[in-house]
Amino acid sequence: MYMPNRLQPPPIQVPRTLPALDTAPLPMVGFVPCYCAEGGLHDLVRIEMVYPAGTRFESIPLVASATSGMLREGTTSFTAEDLAAHMDFYGAQLATDISKDHASVSLLVPGLHLEKVLPAFAEVCAAPAFREPDLDLFKERSRSALEVNLRKVEFNCRIRFSSLLFGGHPYRDEVDPAAYERLDVAAVRNFFQTHYRPSAAACFIAGKGTEQAAQAVAAAFAKWNSDARAVVQSELPCLIYRAGSSYTAQADAMQSAIRIGTMAPTRNQPDYPAFFVMNTILGGYFGSRLMQNLREEKGYTYGIGSAVNHLAGASYIAIATQVGAEHTQAALNEIYSEVQQLASYPVTFDELDLVKNYITGHLLQGLDGPFEQVVRLKILVQNGLPATYYQNLLEAVHAITPEDVKKAAATHLSPDALSVAVVGPEDTVGNISGGITSK
Amino acid sequence: MPNGLKLLVQYDPTTPMTAVNTMYNVGARDEDPSRTGFAHLFEHLMFGGSLNIPQYDTPLQRAAGQNNAFTNNDITNYYITLPAANIDTALWLESDRMLSLAFTPQSLEVQRKVVVEEFAQRYLNQPYGDLWLKLRPLAYREHPYRWATIGQSVAHIEQATLDHVKEFFHTHYHPGNAILAIAGPLESQHVYEKVLHWYGDIPGRALLPKSLPHEPEQREHRLETIHANVPQQALHLAWHMPGRLHPDYPAYDLCTDILSQGQSARLQLELVRKRQLFTSINCYLLGSIDPGLVVVSGMLTQGTNHDVAKAAVLEVLHRLASDGCTAEELQKVQNKFAANHMLSEVNVLSRALNLAWYELLGSADMMALVLDEYMGVTADQVRRVAQRTFADGFYSELRYAPTAPS
């Protein structure tokens, strides 16, 4: 009979080596640097063109996201309908994405059909049409989606929190539905001309046959490579952060959304590994202190987490949750208390070792297969980090001591450095005592 | 395996990670109508400690693993990814909670609260969040698909007792009602021996045949209007269709793709771009095991009324039912399906999940055949399913109308 020993955990092994990434661009593709993550069992390839055209570069509200979104709405030789039909026919997915720093256009396609759709993809990146009727539809669609979001406490809280951190800075979020009314084709064209320059682009290729794909990309983009446009200087203004709080009532809300956070070390700062480990312990995984306390012990929430977010010119940590309205004050108290605990007492070796192992698995998973690897590769290239960055990070994580964790929390998460935003029902947010209390 | 557990292994030497996917053949459709939401609540309790292991998550995280689970109307699925060398940790944890849970009252009490907050967060505290709480009971009158996985109401969750939990475990959580699928760089014989070691002593229990009520044919048009604090009018239409194993299922799926997948699909072109009656519209099916629904969901542009919008949708659907689709349209959605099919097999986790799902449907071999099935669909089949579905005017209609802002 089978007699497994169920009382004793099986022995474990935790790998200490991560797959290597190649941060050098392919040498042969002249104009646009191509970075590749090769692999996969299937004949799929993903090509992504990235431009320094994120929301921080806009001087007219929403023009950056409108420009990005409008790239899929037709080119000089394809109407929006024809472009969609062409891509769909070859099973290709054309997508646009925008963050605060970058805008990108990506193509996911069976390798078999790559050459069929590349010319149209190149046109999307280099010769979009920006036709007025399409812009009108885009504006209506986006405004409608924004109106829905504005009814969600979670969304409103994110926006309030963002303005506490980035108010007045190009990293702020723009959420006025009326701003769509003021957008016109000229503004979009102008933003495109200025910020989607071929000479500023980078190309990331993942999947099977990436080198061949890079050659094909070079050929398809060849005719668009002349770039006589002037380089725009857009220095990021210095960010002066002062902690603040924002309590906002929202009618009919059943839950309160809470966000608490502050500025954090950037990836290349020496205390980043300790901060990263500290964040994981605090709210970075299911076993985290916040999750165990607010969800698994008290049942205040379906979930709570904290994350370190990185922008080109700033990094910040945000703790986020939605709690039953009646638990708002208690949840705030518990969050502050957990932060204070981390800053006051060293973690046990047991908890720290567990988190180090968890982080190892998380990094391994994030480097498993070409489509995951390319996400990490992009981070390295965009931030000028070395190919060995993740391996170095893993080693640094394993060297962290309980004192390092305590110091990271004490240095960066002191109560007067934390900003807090709460959006919830009126009777709840009106009663938050003194904003900040701690146990 | 002798105790009824089914094991599927997929060998993939290209990854250091292994996925361990455990699928139980129990979902919201198996619930007592007076205790809805129970399968999902139970899923939460599966993380509250088992017979010999006080905490589920801790040892897994220590073994560099990640995990989660989901419940839908048909199944409950638990999944783990971790470095292949630590597969024993995953099997130890999964086999112990298949053997027996700890059944602590504290776990039940806390998870009831957590699920009530999940109910609020996902279904009640956002615009249109209650769609499935309203549309399911409108479209289904008898079949348990009439309630959503989260449950019919918060009260049902609050009333759950530990006795209900034990009874549910005993009925649904045993080897014969489970499928274990493992994908990663491990040879199948090696995996088989490990699974035998960890699961071999779990007693098999009799599998009770499912006897779910049959949904009677819908013979009328049903309409419900929800007046709510939403920013925009919305329209949802639902027609009955056959279950997942019906030979026409791929044709139904491609029919909905022709109508709305991608910006070049019919509903998008006609109603969003040309007539501008909707800001967005989508046609999709619920891929449920028992007879499901074809659903059209759209957000109306400002100033459009529901009657006009609905008539325009029906016009597009009826045209497909009467004239069928072009060869090019069909090829487009088939190509798209092939690409998506490939994409769904990119990582070990989705492959393990797919293996378990097709085995639960009948045979894991279907995973290899499904592409051929979709490629074999003809334009005439698409026209016929459209005709059968949309022609008679018997469907459920749910409208959202904004109340004046408060």
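In this text, all values refer to a predicted model and were calculated from it rather than measured experimentally. Atoms considered below: every heavy atom in the structure, side chains included; atoms not considered: hydrogens, waters and symmetry mates. Letters go in sequence order (proteins before strands), and every chain restarts at 1.
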*Asks:* From the options B/E328, B/K336, B/E329, select the one residue that forms a side chain to side chain contact (heavy atoms under 4.5 Å, CB included) with A/F89.
*Replies:*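 Only match with A/F89 under side chain to side chain contact (heavy atoms under 4.5 Å, CB included): B/E328.
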*Asks:* With a 4.5 angstrom heavy-atom cut-off, could you sort out which part of A/V323 is near chain B: side chain, backbone, both or neither?
*Replies:*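 The backbone, not the side chain.
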*Asks:* Which atoms of B/I202 come close to chain A, meaning under 4.5 Å heavy atom to heavy atom: side chain ones, backbone ones, both, or neither?
*Replies:*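 Side chain only.
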*Asks:* For the residue pair A/R143 / B/T279, report whether a side-chain donor-acceptor contact shorter than 3.5 Å exists.
*Replies:*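 No - no donor-acceptor pair under 3.5 Å links their side chains.
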*Asks:* Please report the interatomic distance CD(A/Q8) to CG(B/N52), rounded to the nearest 0.5 Å.
*Replies:*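 Interatomic distance, A/Q8 CD to B/N52 CG, rounded to 0.5 Å: 11.5 Å.
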*Asks:* Under 4.5 Å between any side-chain heavy atoms of B/P231 and A/L150, yes or no?
*Replies:*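 B/P231 vs A/L150: side chains apart.
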*Asks:* Quick one, A/V14 and B/P83 - any side-chain contact, counting heavy atoms below 4.5 Å?
*Replies:*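 No; the side chains remain at least 4.5 Å from each other.
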*Asks:* Where on B/D96 is there a heavy atom nearer than 4.5 Å to chain A: the side chain, the backbone, both, or neither?
*Replies:*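 Contact with chain A involves both backbone and side-chain atoms of B/D96.
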*Asks:* Can you say whether B/E109 sits under 4.5 Å from chain A via the side chain, the backbone, both, or neither, judging by heavy atoms?
*Replies:*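 Neither; nothing under 4.5 Å.
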*Asks:* So what's closer than 4.5 Å to chain B heavy atoms on A/D88: side chain, backbone, both or neither?
*Replies:*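 Both parts, backbone and side chain.
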*Asks:* Nearest 0.5 Å please: distance from the CD atom of B/E117 over to the CZ atom of A/R295.
*Replies:*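 Output value for this atom pair is 11.0 Å.
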*Asks:* How close do A/V148 and B/Y128 get, counting heavy atoms only, and between which atoms?
*Replies:*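 That closest heavy-atom pairing would be CG2-CE1, 3.8 Å.
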*Asks:* Applying the side-chain hydrogen bond (donor to acceptor under 3.5 Å, both in side chains) criterion to B/R62, which one of A/D350, A/D353, A/N357 satisfies it?
*Replies:*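 Checked A/D350, A/D353, A/N357 against B/R62; only one passes side-chain hydrogen bond (donor to acceptor under 3.5 Å, both in side chains): A/D350.
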*Asks:* Name the region of B/L196, side chain, backbone, both or neither, that has any atom closer than 4.5 Å to a heavy atom of chain A.
*Replies:*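 Both the backbone and the side chain of B/L196 come within 4.5 Å of chain A.
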*Asks:* Go through B/Q232, B/Q66, B/Q126 and name the one with the most non-hydrogen pairs under 4.5 angstrom from chain A.
*Replies:*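 Among the listed options, the one with the most contacts to chain A is B/Q66.
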*Asks:* Which atoms of A/H327 are under 4.5 Å from chain B, going by heavy atoms: the side chain, the backbone, both sets, or neither?
*Replies:*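 For A/H327, the side chain is the part near chain B, not the backbone.
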*Asks:* Would a 4.5 Å heavy-atom cut-off, applied to side chains only, mark A/Q292 and B/D57 as touching?
*Replies:*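 A side-chain contact under 4.5 Å is absent here.
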*Asks:* Chain A heavy atoms under 4.5 Å from B/L343: which part of the residue, side chain, backbone, both or neither?
*Replies:*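 Interface part for B/L343: both.
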*Asks:* Side chains of B/Q263 and A/R72: does their closest heavy-atom pair fall under 4.5 Å?
*Replies:*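 SC-SC contact between B/Q263 and A/R72 confirmed.
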*Asks:* Kindly give the heavy-atom pair with the smallest separation between A/G299 and B/K113, and that separation in Å.
*Replies:*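 Closest pair (atom of A/G299, atom of B/K113, distance): O-CB, 3.5 Å.
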*Asks:* In terms of heavy-atom pairs under 4.5 Å with chain A, which of B/V230, B/L51, B/V333 leads?
*Replies:*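 Looking at each option in turn, the highest pair count goes to B/V230.
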*Asks:* Name the member of B/A63, B/A64, B/A265 that forms the most heavy-atom pairs with chain A at distances under 4.5 Å.
*Replies:*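 Of the options given, most contacts go to B/A64.
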*Asks:* Which bit of A/L108 comes within less than 4.5 Å of chain B, counting heavy atoms only: side chain, backbone, both or neither?
*Replies:*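 For A/L108, the contact with chain B is made by the side chain alone.
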*Asks:* Between A/M254, A/Q255, A/Q365, A/Q322, who has the most heavy-atom pairs with chain B when the cutoff is under 4.5 Å?
*Replies:*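 Winner by heavy-atom pair count: A/Q255.
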*Asks:* For a quick test of reading the model, state the closest non-hydrogen atom pair linking B/K332 to A/A85 and the distance between them.
*Replies:*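 Between these two residues, the closest heavy atoms are CD-O, 4.1 Å.
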*Asks:* Under a 4.5 Å heavy-atom cut-off, does chain A meet the side chain of B/V116, its backbone, both or neither?
*Replies:*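 Interface part for B/V116: neither.
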*Asks:* Just checking A/E326: does its CD atom have more than 12 heavy atoms from other residues, nucleotides or ligands closer to it than 6.0 angstrom?
*Replies:*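 More than 12 within 6.0 Å, yes.
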*Asks:* In terms of heavy-atom proximity below 4.5 Å to chain B, should A/N149 be classed as side chain, backbone, both, or neither?
*Replies:*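 For A/N149, there is no contact with chain B at all, as no heavy atom is under 4.5 Å.
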*Asks:* By a 4.5 Å heavy-atom criterion (distance strictly below it), what part of A/P15 contacts chain B: side chain, backbone, both, or neither?
*Replies:*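 The side chain, not the backbone.
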*Asks:* For B/R112, is it the side chain, the backbone, both or neither that has a heavy atom under 4.5 Å from a heavy atom of chain A?
*Replies:*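 When you check distances to chain A, no heavy atom of B/R112 falls under 4.5 Å.
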*Asks:* Let me know if A/A92 has heavy atoms under 4.5 Å from chain B in its side chain, its backbone, both or neither.
*Replies:*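 Interface part for A/A92: backbone (N, CA, C, O).
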*Asks:* Answer with side chain, backbone, both or neither: which region of B/A338 has an atom nearer than 4.5 Å to a non-hydrogen atom of chain A?
*Replies:*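 For B/A338, no heavy atom lies under 4.5 Å from chain A.
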*Asks:* Who among B/A339, B/S50, B/G65 has the most heavy-atom pairs with chain A under 4.5 Å?
*Replies:*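 Looking at each option in turn, the highest pair count goes to B/A339.
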*Asks:* Looking only at the side chains, is there a donor atom on one of B/T301 and A/E140 sitting less than 3.5 Å from an acceptor on the other?
*Replies:*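 Short answer, no.
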*Asks:* Might you work through the salt bridge (Lys or Arg N to Asp or Glu O under 4.0 Å) test for A/E73 and B/R273, ending with a clear yes or no?
*Replies:* CA-CA 11 Å; A/E73 302 293 318; B/R273 225 164 249 290; 2.7 Å; yes
*Asks:* At a 4.5 Å cut-off on heavy atoms, which part of B/E118 comes close to chain A: side chain, backbone, both, or neither?
*Replies:*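 For B/E118, heavy atoms of backbone and side chain both lie under 4.5 Å from chain A.
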*Asks:* Looking at every heavy atom in both B/M17 and A/L364, which two are closest together, and how far apart are they?
*Replies:*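 Looking at all heavy atoms of both residues, the closest pair is SD-CB, 3.9 Å.
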*Asks:* Looking only at non-hydrogen atoms, find the nearest pair between B/T89 and A/I12 and report the distance.
*Replies:*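 Smallest heavy-atom distance, with atoms named: OG1-CG2, 3.3 Å.
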*Asks:* Can you tell me which portion of A/E296 sits under 4.5 Å from chain B's heavy atoms? Options are side chain, backbone, both or neither.
*Replies:*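 For A/E296, backbone and side chain are both near chain B.
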*Asks:* Heavy-atom distance under 4.5 Å between the side chains of B/N347 and A/D368, does that happen here?
*Replies:*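 No, their side chains stay 4.5 Å or more apart.
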*Asks:* Any non-hydrogen side-chain atom of B/E345 less than 4.5 Å from a side-chain atom of A/L41?
*Replies:*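 The answer is no, as the side chains (C-beta and beyond) never meet within the 4.5 Å cut-off.
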*Asks:* Will you find, in the side chains of B/N340 and A/Q93, an N or O donor that is under 3.5 Å from an N or O acceptor?
*Replies:*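 B/N340 vs A/Q93: donor-acceptor pair found between side chains.
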*Asks:* Highest number of heavy-atom pairs under 4.5 Å with chain A: which of B/Q111, B/Q55, B/Q106, B/Q334?
*Replies:*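 The option with the most such pairs is B/Q111.
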*Asks:* Would you mind checking which part of B/Q61 comes under 4.5 Å of any heavy atom in chain A, side chain (CB onward), backbone (N, CA, C, O), both or neither?
*Replies:*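 Looking at B/Q61, backbone and side chain both touch chain A.
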*Asks:* Would the number of heavy atoms belonging to other residues, nucleotides or ligands and lying under 6.0 Å from CD of B/Q276 be above 12?
*Replies:*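 Yes, because the 6.0 Å sphere around CD of B/Q276 holds more than 12 heavy atoms from other groups.
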*Asks:* What part of B/D12 lies closer than 4.5 angstrom to a heavy atom of chain A: side chain, backbone, both or neither?
*Replies:*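 Just the side chain, heavy atoms under 4.5 Å.
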*Asks:* Does any backbone or side-chain atom of B/M342 lie under 4.5 Å from a heavy atom of chain A? Answer side chain, backbone, both or neither.
*Replies:*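 Interface part for B/M342: both.
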*Asks:* What are the two closest non-hydrogen atoms of B/P127 and A/K152, and how far apart are they?
*Replies:*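 Reported closest heavy-atom pair: CD-CG, 3.9 Å.
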*Asks:* Quick one: does B/L269's side chain get under 4.5 Å of A/E81's, heavy atoms only?
*Replies:*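 A side-chain contact exists here, since the closest heavy-atom pair is under 4.5 Å.
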*Asks:* Just give me the residue among B/T58, B/L60, B/T14 that pairs up with chain A most often, heavy atom to heavy atom, under 4.5 Å.
*Replies:*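 Max contact count across the listed options: B/T58.
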*Asks:* Quick check on A/Y300 against chain B: is it the side chain, the backbone, both or neither that has a heavy atom closer than 4.5 Å?
*Replies:*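 Backbone only.
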*Asks:* With a 4.5 angstrom heavy-atom cut-off, could you sort out which part of A/F371 is near chain B: side chain, backbone, both or neither?
*Replies:*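 It is the side chain, since no backbone atom gets that close.
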*Asks:* If we define contacts as heavy-atom pairs under 4.5 Å, which of A/Q13, A/R6, A/H86 has the most with chain B?
*Replies:*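 Top count of heavy-atom pairs under 4.5 Å with chain B: A/R6.
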*Asks:* Please classify the contact of A/E297 with chain B as side chain, backbone, both or neither, using a heavy-atom distance under 4.5 Å.
*Replies:*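 Contact with chain B involves the backbone of A/E297 alone.
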*Asks:* Could you check if a side-chain atom of B/S264 sits within less than 4.5 angstrom of a side-chain atom of A/M87, using non-hydrogen atoms only?
*Replies:*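 Contact flag for B/S264/A/M87 side chains = no.
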*Asks:* Under a 4.5 Å heavy-atom cut-off, does chain A meet the side chain of B/F278, its backbone, both or neither?
*Replies:*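 B/F278 has no heavy atom closer than 4.5 Å to chain A.
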